[in-house]
Amino acid sequence: MPSSDLMEKIVSLCRKRGFIFQSSEIYGGINGFWDYGPLGVELKKNIKDAWWRDMVRNPPLGPNGQEITMVGLDCSIIMNRKVWVASGHASGFQDPMCDCKETKKRYRADQLEVFSGHPEVNPPLMYAFIKGDEESLKLAIKKAEKAARAAGKKFTQPVHSVSYMTLAKNADARNQVVGPDVEVPGTLTEARPFNLMFETHAGAIKDDDNLVYLRPETAQGIFANFKNVVDSSRVKIPFGIAQIGKAFRNEVNPRNYTFRSREFEQMEIEFFCHPSESRMWYEYWRDVRKNWYSTLGIRSEKLKPREQTPEELAHYSVGTTDIEYLFPFSDEHQELEGVAHRGDFDLKAHMEHSKQSLLYFDEDAWNRDAAGRSTNSFVAWLKGNPSPEEVAKYQFIPHVIEPSAGADRFTLAVLCEAYTEDKAPNADGKLEERLVMKFHPRLAPVKAAIFPLVKKDGMPEKAYALYRELKAHFNVQYDDGGAVGRRYRRQDEIGTPFCITIDGETMQNDTVTIRDRDTLVQRRIPISSVLHELRTLIG
RNA sequence: GCGGGUGUAGCUCAGUGGUAGAGCUCCACGUUGCCAACGUGGCCGUCGUGGGUUCAAAUCCCAUCGCCCGCUCCA
């Protein structure tokens, strides 16, 4: 099946069964925002709970078999504006853009360069090209050559170029600039800031003083609280702080269903360690995170860890691995999670901007090396002018490994992964198309459905009693409508892994059948062991 | 942001100026002893939204919004 058709079917099912709706749909919707319906919210909650349990409460053992310390955090979405100045988002997110009035193309103004044409050509013109784009530069040179020839001059190579930004404010200068994709000057607009952070105002008066941003990532709340956590919770390096929460980016063009939304939820860990161990922890988290997706049923051929090339890496990063999934809407793998080695970039930036010390003192290391030292006081020891390398063994800015996962993206991947069309026998034993969502039992929004085989002879009452017992422990459904076959199929379509049926034999000996969604196989078990059985199966 | 396509019931669609339809789904009752059975009855649309043309608009025109595809963007 063509992948776009498959994606449409998934979107359709999500709407029909109440996984995902378009936000404010009755008013015509709003681009880039989505609502999770009754089943979607269960699915996403199961995903977040699985992450929290597997990464925060009970993370895998470390590289040397040691326990890992992880704590959680839930920060406010709106923070002091200075946080975003320190992180670089306040400037980095305000990309200046300029438009070409002729071609309607839009360029990042800071990526446009201009050079002057032949100095004796009148009127004097400048030619714009896209930085780093050979074709664009060649084209601009060609245009300059042509203009020079027409004036009887010869233009060879631009002597030097400057950023368009340096003259974009000056209308006269702009009118001399020939845009990258036009022949005539004066079609480029001035550079306008293009802010990718949502803005609002804290306080009733709307002015520049109380301008605040909706966080574009959850990470900075963790860095801003690094000292609070260290001081309050007895954690020792290495340790991680985890957070699940909403983040907002005013994306230029939200696309591909929920994949690129303007409001989304992140599941982030900032793992703090000694600089000398950072590579080991980077590799640890890269592998742990990749494996996590596999244990929740993502097939390995769809999942691809991709180490970023040196050119792609952010300037501060020692290494980043994108964990990518092959969604049906694309021929290429798309990012589910980035595991980034961020060095000391973030804590250092916050240290500088906040003027607060975010240095970590490793008391264990200090005490371990006590023998052979004349003093036990670190402050006193520092007065002896130890080498920076010596000091850094005990006091340092921790390095950070950041596994940052998109909860909505993984939810979408789970939906895509689960979507299956197979064959199942009908009442006559003939195979018919079946639509089944093969969710991992841990993630399935409904864990089990309880049916009376028919609506008589006390079966509904018995089934309902079992339902009442189970719903204290799991999200379960009771259904007595129509033929049992139809009820099985309904549950298949929402991915319920187990169906329990009360039949005539139940009324005799208190056993029920439990039917497996994927194999259709039924087993008979005592009604008293259903709860325990489900616990074992769901994990 | 630009260009192209598209929008009628929960779903799939029919309806080219003259009383908004079909199948499926869904609900109720009956029937039904294991994989979308059957019977009867029922719910559901101011045709994406707002204007305009017309005696009359789902249908023609304009605008707008959403979705899809391609470009652009993705710190």
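The model shown is predicted, which means the values in this text are computed figures rather than measured ones. Lettering of chains follows the sequences in order, A, B, ..., and the numbering in each one begins at 1.
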Polar pair under 3.5 Å, donor/acceptor by atom type, side chain A/Glu433, base B/A36
no
By the Watson-Crick or G-U definition, both distances under 3.5 Å, B/G17 is matched with none
I'd like to compare against my own output: the B/S/- annotation of nucleotides 27-35 of chain B with a strict under-4.0 Å heavy-atom distance to protein.
-----BBBB
Under 4.0 angstrom, heavy atoms only, what part of the nucleic acid is A/Glu217 near: base, sugar-phosphate, or nothing?
base
Please identify each residue that fulfils side chain to side chain donor-acceptor pair (under 3.5 Å) with A/Glu402, with sequence neighbours left out.
none
Would you find more than 12 non-hydrogen atoms of other residues, nucleotides or ligands less than 6.0 Å from A/Glu433 atom CD?
yes
State which of B/C11, B/C69, B/A75 makes the closest approach to the side chain of A/Asn256.
B/C69
Would you say the side-chain atoms of A/Gln308 and A/Asp322 include a donor-acceptor pair closer than 3.5 Å?
yes
Of the nucleotides B/C11, B/C67, B/A36, which one has an atom closest to the side chain of A/Glu432?
B/A36
For the NE2 atom on A/His532, are there more than 12 heavy atoms of other groups (residues, nucleotides or ligands in this structure) within a distance under 6.0 Å?
no
Would a distance-only check, ignoring hydrogens and angles, find a side-chain to backbone donor-acceptor pair under 3.5 Å from A/Arg215 to A/Lys246?
yes
First of A/Arg260 and A/Phe33 reached from the 5' end of RNA chain B, by closest nucleotide
A/Phe33
